[in-house]
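A short worksheet on the structure shown next.
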Protein chains: 2
Amino acid sequence: MTSSGHAMRAVITTLRVLETVAELQPVGVSAIARATGIPKSSVHRCLVTLREADWLTSSSTDRTQWVLTGRALSVGIHASVEGGLREAALPTMHRLRDATHETIHLLSYSGDQGLVVVDRLDSDEPVRTWVHLGARVPMHASCSGRAVLAHLPDDEVDRLLSGELERFSENTPADKQSVVEDLVRVRESGYATNDRAWRPGVGAVGAPLLDKDGRPLGALAVSVPIQRYDEARAVELGALAVDAARRIGANLRSA
Amino acid sequence: MTSSGHAMRAVITTLRVLETVAELQPVGVSAIARATGIPKSSVHRCLVTLREADWLTSSSTDRTQWVLTGRALSVGIHASVEGGLREAALPTMHRLRDATHETIHLLSYSGDQGLVVVDRLDSDEPVRTWVHLGARVPMHASCSGRAVLAHLPDDEVDRLLSGELERFSENTPADKQSVVEDLVRVRESGYATNDRAWRPGVGAVGAPLLDKDGRPLGALAVSVPIQRYDEARAVELGALAVDAARRIGANLRSA
DNA sequence: GGTACATGTTCCATCTTACGGAACGGGAGC
DNA sequence: GCTCCCGTTCCGTAAGATGGAACATGTACC
């Protein structure tokens, strides 16, 4: 719990403020202070500093409101290049999209941050489904989440599934037990499925992206509006996704 | 030049370090110190701090290399929601993609940061072109850049075009003069064109996204491999892009 | 083997500067 | 009028950021 100790307190708190602005923007000083527990005057100093660094701008009406600038984006976007994941994945993702005509999501798993949507190629069908770039997806309710879980050590699975599992629909797995049972099936078939367990009207299949040691770096998912989704389609898409994920894994290994 | 004065020095330098990591990752301490001019030990402290805040991880091989985590992404992504640009634009972008079958880019203009690619819908053609999400595109060499320039006040145009204009190809406008002349044509037609002036083998047309006061918030661009690009196609795509951009502008106004 | 120059990391004395409670100015609403 | 909440400013104290120098380790050249 001591963490590494000698880190710069000012920076840590300022980053907390920045993250809070990202969540709540547009937002004022007091709201941030309330959300973080940091004294108002300190929050104010952080905000001014972040404005000077051009990460925030204060939309100056009567009540000063704070929002992110483009800098946050142009820095953040580079995160997805982590390990060349996107470069390694894009060509294969394109082929997968063209083969399925459905929306393909690339997700990066980064331990503490959970699963984040890093890139998306979307369907050319008139009815499509998508998730925001940068969205964090639930480990227990999404197929990508369970695809990753299936290849994590038991203690990490325990940690990720500890606490309340949010219920998004009646198809959301209700407890840790049922998720863990599903993981066996995922390991057997190579992919996980999701029938409206997270977002209403959306089915999906997900395959894990594994590094050379078998650790999951992320996942590849094919999302489908429910009217184009049934068990047969899931099997078909699953096979394609697994194959694509394997190719991407091979790309990563050779890099 | 005094800047606003009482900002926290530690935070400013740490953010500089963070931005440098984003540019150069994966990168080591010394390289950052060289790039920024900050003493090595200070850089090191910043890095440790950023790791504790979970913005960076040190890919611990023999030579310690630093990379961004998913947190940078999940914060940065919120920036593009600024004004709901993406939400307002996506449906129309989809229609534009389906009408053109080419890659569509959405760019956000944020003053100091220049033009940043915020989202992309890609072509379903086998030969496609695209720019990385988060990439900063040059104002003088890209069609999006000139589309935005055409609707900025003169002094801001001056500022953006001051200094050396980087030459990417023989089609890149060589000097400020020729760029400014082009802007007249852009204002007349409503869109800017780009015939291999920036990236080799890529043609494009771009239309500005204007808020209710006529200030450019960004641009919409259609990128085409040069074999599918000629003057007639540019006119056709230009009309579509202008129409789409107008619709998006209307969406923004009503929000 | 040896020299030279990379790299990342640790230490510590100096003195800059972040901290946060308290007070201020102003708008909104019973 | 009063009260409540807002954003902002002030300031003495004490916490902690700073960066040069030294260390450990690896690589390149001969």
Side-chain angles (χ1 to χ4, degrees), chain A residues 1-69 82-83, chain B residues 1-69:
Chain A
M1 261 313 148
T2 67
S3 62
S4 69
H6 42 43
M8 303 187 284
R9 206 125 294 277
V11 175
I12 301 275
T13 61
T14 305
L15 287 176
R16 280 219 356 252
V17 169
L18 176 63
E19 289 163 25
T20 309
V21 172
E23 274 177 43
L24 306 177
Q25 71 168 332
V27 65
V29 184
S30 297
I32 301 171
R34 241 179 292 115
T36 57
I38 302 170
K40 236 190 342 179
S41 63
S42 298
V43 171
H44 186 258
R45 199 164 349 99
C46 293
L47 290 171
V48 171
T49 303
L50 286 167
R51 181 177 52 196
E52 178 160 334
D54 194 36
W55 280 68
L56 298 182
T57 56
S58 48
S59 84
S60 191
T61 53
D62 48 348
R63 289 271 201 272
T64 315
Q65 299 282 84
W66 298 82
V67 291
L68 297 178
T69 67
E82 199 179 358
Chain B
M1 268 310 142
T2 65
S3 61
S4 68
H6 41 43
M8 304 187 282
R9 210 119 296 274
V11 175
I12 301 276
T13 62
T14 304
L15 286 176
R16 276 209 15 238
V17 169
L18 177 64
E19 287 163 26
T20 310
V21 171
E23 271 178 43
L24 306 177
Q25 71 167 329
V27 66
V29 183
S30 299
I32 301 171
R34 239 179 294 116
T36 56
I38 302 170
K40 237 193 337 178
S41 62
S42 298
V43 170
H44 187 258
R45 200 166 349 99
C46 293
L47 290 171
V48 170
T49 303
L50 286 167
R51 181 177 50 195
E52 178 161 333
D54 195 36
W55 280 68
L56 298 182
T57 56
S58 47
S59 84
S60 190
T61 55
D62 46 349
R63 290 268 202 274
T64 315
Q65 299 283 85
W66 297 82
V67 292
L68 297 178
T69 66

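Along DNA chain C, the nucleotide closest to A:V11 and the one closest to B:V29 are compared, and the more 5′ of them pairs with B:V29. The 5' end of DNA chain D is approached more closely, in terms of each residue's nearest nucleotide, by A:V27 than by the other of B:T13 and A:V27.
Atom CD of B:Q25 sits about 8.5 Å away from atom OG1 of B:T57, to the nearest 0.5 Å. How far OG of B:S30 is from NE2 of B:H44: 10.0 Å, rounded to the nearest 0.5 Å. Taking CZ of B:R34 as the reference point, atom CG of B:L24 lies at 10.0 Å (rounded to 0.5 Å). Taken to the nearest 0.5 Å, the CD atom of B:E52 stands 7.0 Å off from the CZ atom of A:R9.
Taking every heavy atom of both residues into account, B:W55 and A:L18 meet most closely at CH2-CD2, 3.8 Å.
In this structure, CZ of A:R16 is placed 18 Å from P of C:dA18, rounded to the nearest angstrom. Whole-Å rounding puts the A:R63 CZ to C:dG27 P distance at 10 Å. Atom CE of A:M8 and atom P of C:dT16 are 18 Å apart (whole Å). Atom C1' of nucleotide C:dC19 and atom CZ of B:R9 are separated by 17 Å, given to the nearest angstrom. Atom CG of B:L47 and atom P of C:dT9 are 9 Å apart (whole Å). Counting to the nearest Å, the P atom of C:dT17 and the CZ atom of B:R45 are 13 Å from each other.
Against DNA chain C, the stretch residues 31-43 of chain A makes heavy-atom approaches under 4.0 Å through A:P39, A:S41, A:S42.
With contacts defined as side-chain heavy-atom distances shorter than 4.5 Å, the pair A:I12/B:T49 qualifies. Between B:L47 and B:L56, some side-chain heavy-atom pair lies under the 4.5 Å cut-off. A 4.5 Å side-chain heavy-atom check between B:V67 and B:V21 finds every atom pair outside the cut-off. Under the 4.5 Å side-chain criterion, counting only non-hydrogen atoms from C-beta, B:C46 is not in contact with A:V11. Inter-residue side-chain proximity for A:L50 and B:L15 is flagged as met; some heavy-atom pair is nearer than 4.5 Å.
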>> side-chain contact (heavy atoms from CB on, under 4.5 Å), that's the test. Do B:T64 and B:V29 meet it? Break it down for me.
In response: CA-CA 8 Å; B:T64 315; B:V29 183; over 6 Å; no
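Note on B:S30: a side-chain N or O is less than 4.0 Å away from OP1 or OP2 of C:dG8.
With a cut-off of 3.5 Å on both pairing distances, the Watson-Crick and G-U wobble pairs of DNA chain D assemble into stems of 3 or more at C:1-24 with D:7-30, C:26-28 with D:3-5.
Protein chain B contacts DNA chain D over a range whose 5' and 3' limits, counting nucleotides with an atom under 4.0 angstrom from a non-hydrogen atom, are D:dA17 to D:dT27.
Here the nucleotide nearest the side chain of B:H44, chosen from C:dT7, C:dC19, C:dT9, is C:dT9.
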